Amino acid sequence: MDSRRPPLTPARRSLPQYVRHWAEATPDRRAFTFVDHPAPHSRGVHRTLTWRRLDLRVRALAARLAEEAEPGARVALLCPQGVEYVTGFLGVLAAGMVAVPLYPPGLPGHADRLAGVLADARPAVVVTTSRAREEVRDFCGRTSVVCVDEVADDEAGGWRPVDPDAGAVAYLQYTSGSTRAPAGVEITHANVVANARQALTAYGVDVRPVTCVGWLPLYHDMGLVLSVAAPVVRGLLSVLMDPAAFLHEPVRWLRLLAAHPRALSAAPNFAYDYCASAVTDAQKADLRLDSVAALINGSEPVRPSTADRFHAAFACQGLAPTTHCPSYGLAEATVFVSAARPGQPLSRFALDRDALAAGKALPARSDDPRAVLLAGCGTPAGQRVRIADPAGRVALSEGEVGEIWVQGPNVGRGYWRREEESERVFGAGFADAVDAKDTADAEHTADAEHTADAPGGRWLRTGDLGAVVDGQLIVTGRLKDLVIVDGRNHYPQDIEATAQEAHQAVRRDRLAAFAVPGASGERVVVVAEHARTAVLADLDVPGVVRAVRGAVSSRHGLRLDDVVLVAPGAVARTSSGKVSRALTRARYLEGVYGESLGGEAGGTSPVTPAVGDAVRAAG
């Protein structure tokens, strides 16, 4: 039997304990379904695990791992997307070991990052599948390899569950590396359970069941929490697909949303724009999206124009405009921090650009071409958020821009093997030591269960800039990404948004703006991919560059020292698919984008085929 409403969620200390509970309470309910797309136009082949079957597979793998390593050992997950990944992750936790969610070595463009993470984590065991075994063994050398799909069910027979301490590390969530080298965030069992419950509360799933539908990679924080942790805590069905399947044919994601009542899903900003532009009228014909519960947009910042385009594209399919939920989070807080609630209109803010550059979120007319248009990311659930002056360490008032600080039971313990950095990031405190009023107090206030473990006086410095306006958290950018010219702050994503609107040849969401040293101060550079429909050799490159320069100068009062137009796939990306301004900047300074970069027309060379092909395949 597979009723739509699961029983009330009990209180458990770890995800494997929840798996065991649902296996006993609802053994034949579907737990996880992976939809494979083996052919270009495949409608999907489904593989499903019930809660009883999932529990058996988790216990069998835990028993095998217990033969390979001691409790507390790191275990790297190098599985392809699928039910084996879920089983592998939960099996590691059930064995009392520390999971390191990663990806197979074959993921193009990310071999160096994978090697760096493995060297940092030092896993005792690697978990993968028989399909990826050979490439994993070649990549990992002498490290012991266990294939999930080759572990027999009967290995679960004599195994006794490990009862981990709630404060013990469950897994290392490596940051995506968008602004620095990846670091492993220590996420405890209590952290992930708390964050799953916080997300369930924020999106209304604590009172109304949903089906979690996702294509985000499971090694990414949002994919892991929304597609694994939250469904396990609530006893929900989670339907998964491979990210590559979405990129090849985005309508596949929408079909899964349509096929499952009250679907809850998440995607970055580019995915909504991609669907709006790539899904054809013929593909829309059989889509009904009127029962979608919530669509989470976790980009930073969230653009109202993207939500508008997406809903305009699928309004005839019944998609409600109130399903879009701008959200904010980061790996250091497990993932979820703040979100707009489903069923509420999108909160739109038109802010004065000059005031924003000076640290004030002041309103402007929405039709003012110099206004910055941002979406509100709602309020937190089960945690506290404040805006702080990062230098003076004092709490700022509503409308003032500063660093976003977070406190709650979901905040990780620190960075693996980085004590000094952990203390700086996870151990922040306000200079006046006064427990002032929260600047982003939640309408859904934290209950006793969710605040009891909050570390008193210690705050997480997110490195993100934002403000609170009308009770809503607005994310304005990354502290490390700020472009400062002549004493004025410029947000790179703001420059990028202007540049991509300047000419149709500039590919949306595939460009990076950053500053580089110059003889008389910082120089500002934009590296942008050209649209896939354009051929670089046939483009009027000087005309494109003039259009970008003119638009940025007019809107921002900023001179671009260089505009580099490159081939699709050339702008560096993180493992989670975000543009990496730091790596793109490093490649620019190394001359990767061409020998002549400083001319008035801007550089025009694509990257070498090896780099371009690798990054293109990754995202």
Side-chain angles (χ1 to χ4, degrees), residues 10 12-27 31-32 34 47 49-80 82-102 121-130 132-133 136 140 143-173 186-193 196 218-219 224-225 227-229 231-233 235 238:
R12 296 289 186 268
R13 292 196 298 179
S14 71
L15 296 183
Q17 289 178 352
Y18 279 102
V19 171
R20 187 63 178 163
H21 167 79
W22 298 121
E24 294 172 347
T26 58
F32 289 89
F34 179 67
R47 296 179 55 208
L49 293 178
T50 63
W51 287 107
R52 187 206 317 265
R53 181 70 181 157
L54 175 63
D55 177 59
L56 178 64
R57 296 302 300 151
V58 166
R59 289 187 288 114
L61 179 61
R64 169 64 68 86
L65 291 174
E67 299 173 359
E68 301 286 341
E70 297 294 325
R74 276 85 59 208
V75 178
L77 294 167
L78 273 63
C79 300
V83 293
E84 291 85 4
Y85 202 114
V86 177
T87 302
F89 175 72
L90 295 170
V92 174
L93 270 57
M97 298 175 187
V98 179
V100 185
L102 293 167
R122 303 174 185 174
V125 185
V126 172
V127 170
T128 187
T129 64
S130 56
R133 172 174 45 207
V136 167
C140 296
T143 307
S144 176
V145 175
V146 173
C147 295
V148 178
D149 52 331
E150 293 182 347
V151 176
D153 289 351
D154 56 15
E155 294 200 35
W159 182 75
R160 292 293 176 266
V162 175
D163 189 15
D165 183 90
V169 177
Y171 62 98
L172 300 180
Q173 181 67 64
E186 296 181 339
I187 302 297
T188 68
H189 292 278
N191 290 154
V192 66
V193 169
L218 297 182
Y219 57 79
L224 190 63
V225 171
S227 291
V228 179
V232 164
V233 167
S238 179

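This one's a predicted model, so the numbers in the text were calculated from it and none came from an experiment.
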Other residues, nucleotides, ligands: >12 heavy atoms within 6.0 Å of E150 CD: yes
Step-by-step side chain to side chain contact (heavy atoms under 4.5 Å, CB included) determination, Y171 to N191: CA-CA 10 Å; Y171 62 98; N191 290 154; over 6 Å; no
Pairwise side-chain contact, L224 with F89, heavy-atom cut-off 4.5 Å (strictly under): yes
Exam field: side chain Y18 to backbone R12, donor-acceptor pair closer than 3.5 Å: yes
Nearest atoms (heavy-atom pairs only) where G96 meets V162: CA-CG1, 4.0 Å
L54 to A31 - nearest heavy-atom pair and separation: CD2-CB, 4.3 Å
Under 3.5 Å: donor-acceptor pair, side chain of W159, backbone of A60: no
Check: R57 side chain, V148 main-chain N or O, donor-acceptor pair, under 3.5 Å: yes
Distance-minimising heavy-atom pair for A63 and E155: CB-O, 3.2 Å
4.5 Å side-chain heavy-atom contact, V86 and F34: no
For A73 against A124, the heavy-atom pair lying closest together: CB-CB, 4.1 Å
Value rounded to 0.5 Å, distance of CG in L61 from CG in D149: 10.5 Å
E84 with R47: basic N within carboxylate O range, under 4.0 Å: yes
For R59 against R20, the heavy-atom pair lying closest together: NE-NH1, 3.5 Å
CA sep, side-chain torsions, deciding dist, call: V151, T87, side chain to side chain contact (heavy atoms under 4.5 Å, CB included): CA-CA 11 Å; V151 176; T87 302; over 6 Å; no
Side chain proximity check, H189 to R13, heavy atoms < 4.5 angstrom: no
Polar side-chain atom of T128 near backbone of L78 as donor-acceptor pair, under 3.5 Å: yes
Chi angles and distances behind the side chain to side chain contact (heavy atoms under 4.5 Å, CB included) call for V75, V146: CA-CA 10 Å; V75 178; V146 173; over 6 Å; no
Distance-minimising heavy-atom pair for V125 and A69: CG2-CB, 3.9 Å
Pairwise distance CD(E24) to CZ(R52) - rounded to 0.5 angstrom: 11.0 Å
V228 vs S238 side-chain heavy atoms within contact, under 4.5 Å: no
Atom pair NE2 (H21) and CD (Q17), whose distance is rounded to the nearest 0.5 Å: 11.5 Å
From L49 atom CG to D55 atom CG, the distance as rounded to the nearest 0.5 Å: 11.0 Å
Close side-chain approach of L15 to V233, heavy-atom, < 4.5 Å: yes
Residue pair R53, D153: steps toward the side chain to side chain contact (heavy atoms under 4.5 Å, CB included) verdict: CA-CA 9 Å; R53 181 70 181 157; D153 289 351; 2.5 Å; yes
Side-chain touch L93/P164, heavy atoms, less than 4.5 angstrom: no
Any side-chain heavy-atom pair of P101 and Y85 under 4.5 Å: yes
Mutual orientation of the aromatic rings belonging to W22 and W51 [parallel < 30°, tilted 30-60°, perpendicular > 60°]: tilted
